[in-house]
Amino acid sequence: MHEYTSTARVWGLSCPGFPEEVSRARRWTRDILRGSPLAEDAELIVSELSANAILHTASGREYGSFHLAVAVSAQVVAVSVTDDGGTATAPKVEHQDQDAEHGRGLGMVSAIAHRVVVHDSDQGHTVTAELYADALRGGHPC
């Protein structure tokens, strides 16, 4: 492979911070990953991360938005959701009781994804979840 080329493809989508945009983000992800065995997991992750952005950050306020990126290669599907910030703390994985009504979202994402990374900046937070094509669900690469 040439050093300046890549087999990875990246798509991006910006959405206003309305609750109905979560289903749009989910459909968009499903369309990109049509035929991939990782599509269903990626769609669930996008749904959860998008909803979290709207519910817990400035993305859900008037004029707020969230941004979605999907990167696909033969080995990895990575989905990232960037919010508008506005919270004192970055998102973090918390393993809540199964009966808890809130706070289980990132824990669920981390159970589905093989790797979850949270990046903090002055403009907001980006949560990236990676799904590996050659790994068992919730495990490490084979």
Closest heavy-atom pair and its distance - [X], [Y]:
X: V79; Y: A42; answer: CG1-CB, 4.2 Å
X: G86; Y: A58; answer: CA-CB, 4.3 Å
X: T126; Y: S80; answer: CG2-CB, 4.0 Å
X: D84; Y: G64; answer: OD2-CA, 3.3 Å

Following the transitive rule for hydrophobic clusters with a side-chain heavy-atom cut-off under 4.5 Å over Ile, Leu, Val, Met, Phe, Trp and Tyr, establish whether [X] and [Y] coincide in one cluster.
X: V77; Y: W11; value: yes
X: V72; Y: L13; value: yes
X: V22; Y: L55; value: no
X: V10; Y: V127; value: no
X: F18; Y: L49; value: no

Spatial distance of atom [atom1] ([X]) from atom [atom2] ([Y]) [nearest 0.5 Å]:
X: L33; Y: E40; atom1: CG; atom2: CD; answer: 12.0 Å
X: Q75; Y: E130; atom1: CD; atom2: CD; answer: 12.0 Å
X: R26; Y: E48; atom1: CZ; atom2: CD; answer: 11.0 Å
X: L106; Y: N52; atom1: CG; atom2: CG; answer: 5.5 Å

Quiz item: Given R24 and C15, is the side-chain contact (heavy atoms from CB on, under 4.5 Å) satisfied, shown in steps?
Solution: CA-CA 9 Å; R24 178 177 166 222; C15 299; 3.9 Å; yes
Would you check if the side chain of [X] reaches a backbone N or O of [Y] as a donor-acceptor pair within less than 3.5 Å?
X: S59; Y: S65; result: yes
X: H125; Y: D120; result: no
X: S110; Y: G107; result: yes
X: S47; Y: E43; result: no

Exercise. Could you go through the side-chain contact (heavy atoms from CB on, under 4.5 Å) check for H119 and V117 one step at a time?
Key: CA-CA 7 Å; H119 291 285; V117 179; 3.3 Å; yes
Exercise. Report yes if the side chains of L68 and V46 come closer than 4.5 Å at any heavy-atom pair, otherwise no.
Key: yes
Quiz item: Are side-chain heavy atoms of F66 and I54 found at a separation under 4.5 Å?
Solution: yes
Quiz item: Does the pair Y132 and L38 meet the rule for a side-chain contact (heavy atoms from CB on, under 4.5 Å), with working shown?
Solution: CA-CA 8 Å; Y132 303 148; L38 301 174; over 6 Å; no
Practice problem: Please lay out, stage by stage, how T128 and V81 fare under the test side-chain contact (heavy atoms from CB on, under 4.5 Å). | Solution: CA-CA 7 Å; T128 301; V81 174; over 6 Å; no
